Number of protein chains: 2
Amino acid sequence: MSSAEKYDVFQAIADPTRRKVLQLLSEGELPISEITSHFSMSRTAVAKHLHILSEAELVSGRKIGREKRFRLQPEPLTELKQWLSFYEKFWDNKLSILKHVIENPGEDGLKVIEKENDTQMDKPNEIT
Amino acid sequence: MSSAEKYDVFQAIADPTRRKVLQLLSEGELPISEITSHFSMSRTAVAKHLHILSEAELVSGRKIGREKRFRLQPEPLTELKQWLSFYEKFWDNKLSILKHVIENPGEDGLKVIEKENDTQMDKPNEIT
DNA sequence: ATTATATAAAACCTTTTGGTTTCATGTCAA
DNA sequence: TTGACATGAAACCAAAAGGTTTTATATAAT
């Protein structure tokens, strides 16, 4: 439900505190007070971070007795992974050209180098 | 130089405008005014975003005549990729258990399921 | 029944963010 | 040399982010 979320994954992981929270929860479910003990800020502050992570659906909380336990919900990170995968080709190419040349000693590897020119190298109309 | 940067990759990509800038630059080098034409905000605002991306070393700018052209520098995204790779095992496992079972009809796959229990399933001391 | 625990919610505060407008500067073109 | 163009830099501004403290409520334990 609620597709009108205030925080997305990108914003959620931008804060170092929230990344540390995710890391803590990666080892298992934890109540707020337990999580708080790992930081030097108030419980309320941590609760707010958890709320933000919740909105991004990176964590979920359930009430157990008088405490609320949070657990990691890593699924939304797939969006990040997808986003990343688009850019991987840009930095991988420098390596993959080398890889290609090494693995194909018969060829000269010119095609892949030309493709690299298309995207990242200086444009022909450039003034130097 | 300058290892005391104000913005890291996580913060840099948190803003949708900056992500769009990266996408634009993925097609090649562009001057500020060109980039600005793709947004409905002032050139100054875009320049600030570029400055932030610059500090995160996701873009670099060089002066060509009277214009400054920016290009994508995707290398810092490896940090993001590394961070992500840690969490991939948590959401991949659900699939990889299945994959393992399918690909190894002789085994029962119990070990990997036990490991999953260690990290993500309910704790034994839990009150339900 | 009483007290301690775990959290929720609200009010408040300061700094950062994301934007604007204005003015100054360097470069290209006529 | 005189504009036009592309950018840089500074001052300013409103809203959001990241905290705090205070007050209230539900549950557990004695």
Side-chain angles (χ1 to χ4, degrees), chain A residues 4-22 24-25 28-56 58-71 123 125-128, chain B residues 2 4-25 28-56 58-71 123 125-128:
Chain A
E5 272 127 7
K6 196 178 175 187
Y7 292 93
D8 62 10
V9 189
F10 293 94
Q11 283 173 270
I13 65 161
D15 184 275
T17 300
R18 287 193 290 268
R19 290 200 297 276
K20 193 174 169 188
V21 167
L22 292 181
L24 287 171
L25 293 181
E29 213 180 32
L30 288 177
I32 300 185
S33 43
E34 246 294 302
I35 299 172
T36 304
S37 73
H38 293 267
F39 297 93
S40 57
M41 66 181 77
S42 71
R43 180 195 53 79
T44 312
V46 173
K48 282 188 186 179
H49 282 299
L50 283 166
H51 186 251
I52 289 172
L53 289 169
S54 235
E55 276 197 342
L58 280 166
V59 307
S60 67
R62 52 200 265 258
K63 205 116 177 250
I64 305 283
R66 65 182 157 186
E67 63 186 15
K68 187 163 183 184
R69 297 197 193 160
F70 282 86
R71 59 168 63 188
K123 291 288 178 58
N125 59 332
E126 174 180 293
I127 307 146
T128 310
Chain B
S2 84
E5 272 127 9
K6 196 179 176 187
Y7 291 94
D8 63 11
V9 190
F10 292 95
Q11 282 174 270
I13 66 161
D15 184 273
T17 301
R18 288 194 288 269
R19 289 200 298 277
K20 192 172 170 190
V21 167
L22 291 181
Q23 193 220 299
L24 287 171
L25 292 182
E29 212 178 34
L30 289 177
I32 299 184
S33 42
E34 247 293 303
I35 299 172
T36 304
S37 72
H38 293 268
F39 296 93
S40 56
M41 67 182 76
S42 71
R43 179 197 51 82
T44 312
V46 173
K48 283 189 186 176
H49 282 300
L50 283 166
H51 187 250
I52 289 172
L53 289 169
S54 235
E55 275 196 344
L58 281 166
V59 307
S60 66
R62 50 202 268 258
K63 206 115 177 251
I64 306 283
R66 64 182 158 187
E67 64 186 17
K68 187 162 182 182
R69 298 198 191 158
F70 282 87
R71 60 168 61 187
K123 291 289 178 59
N125 58 334
E126 175 179 290
I127 306 145
T128 310

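The basis for the numbers below is simple: all heavy atoms, side chains too, and nothing from hydrogens, waters or symmetry mates. Just so it is clear, the model here is predicted, and its values are computed rather than measured. Convention: sequence-line order gives letters A, B, ...; per-chain numbering from 1.
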Heavy-atom donor-acceptor pair, Arg71(A) side chain to Ser60(A) backbone, under 3.5 Å: no
Side-chain donor or acceptor of Arg18(B) paired with backbone N/O of Ile52(B) under 3.5 Å: no
Out of [options], whichever nucleotide has its closest atom nearest the side chain of [X]:
| X | options | value |
| --- | --- | --- |
| Met41(B) | dT21(D), dG19(C), dT7(C) | dG19(C) |
| Thr17(A) | dA10(C), dG18(C), dG19(D) | dG19(D) |
| Arg43(A) | dT7(D), dA8(C), dG18(D) | dA8(C) |

Protein-nucleotide distance ([X], atom [atom1]; [N], atom [atom2]), rounded to Å:
| X | N | atom1 | atom2 | answer |
| --- | --- | --- | --- | --- |
| Leu30(A) | dT7(C) | CG | P | 11 Å |
| Ile32(A) | dT25(D) | CD1 | P | 18 Å |
| Arg19(B) | dG18(C) | CZ | P | 11 Å |
| Asp15(A) | dA16(D) | CG | P | 18 Å |
| Phe39(A) | dT20(D) | CZ | P | 12 Å |
| Leu53(A) | dG18(D) | CG | C1' | 14 Å |
| Ile13(A) | dG18(D) | CD1 | P | 13 Å |
| His51(A) | dA17(D) | NE2 | P | 13 Å |

Donor/acceptor link under 3.5 angstrom from Arg66(B) side chain onto base of dA29(C): no
Taking 4.0 Å as the cut-off, does a side-chain nitrogen or oxygen of [X] come that near to OP1 or OP2 on [N]?
| X | N | value |
| --- | --- | --- |
| His49(A) | dA17(D) | no |
| Lys63(A) | dA8(C) | no |
| Ser42(A) | dT20(D) | yes |
| Gln11(B) | dT17(C) | yes |
| Lys68(A) | dA8(C) | yes |

Any Asp8(B) side-chain heavy atom under 4.5 Å of Gln11(B) side chain: yes
Side-chain heavy atoms of Val21(A) within contact of Phe70(A), under 4.5 Å: no
Contact class for [X] (heavy atom, under 4.0 Å): base, sugar-phosphate, or nothing?
| X | result |
| --- | --- |
| Glu34(B) | nothing |
| Tyr7(B) | sugar-phosphate |
| Lys48(B) | base |

Earlier contact from the 5' end, DNA chain D, for Glu67(B) and Val46(A): Glu67(B)
Closest-nucleotide 5' rank along DNA chain D - winner of Phe70(B) and Ile52(A): Phe70(B)
Salt-bridge present (Glu29(B), Arg62(B); N to O < 4.0 Å): yes
Nearest atoms (heavy-atom pairs only) where His49(B) meets Asp15(B): CE1-OD1, 3.6 Å
Residue mapping more 5' on DNA chain C - nearest nucleotide basis, Ser33(A) or Ala45(B): Ser33(A)
5' precedence on DNA chain C between Ala47(A) and Ala14(B) (nearest-nucleotide basis): Ala47(A)
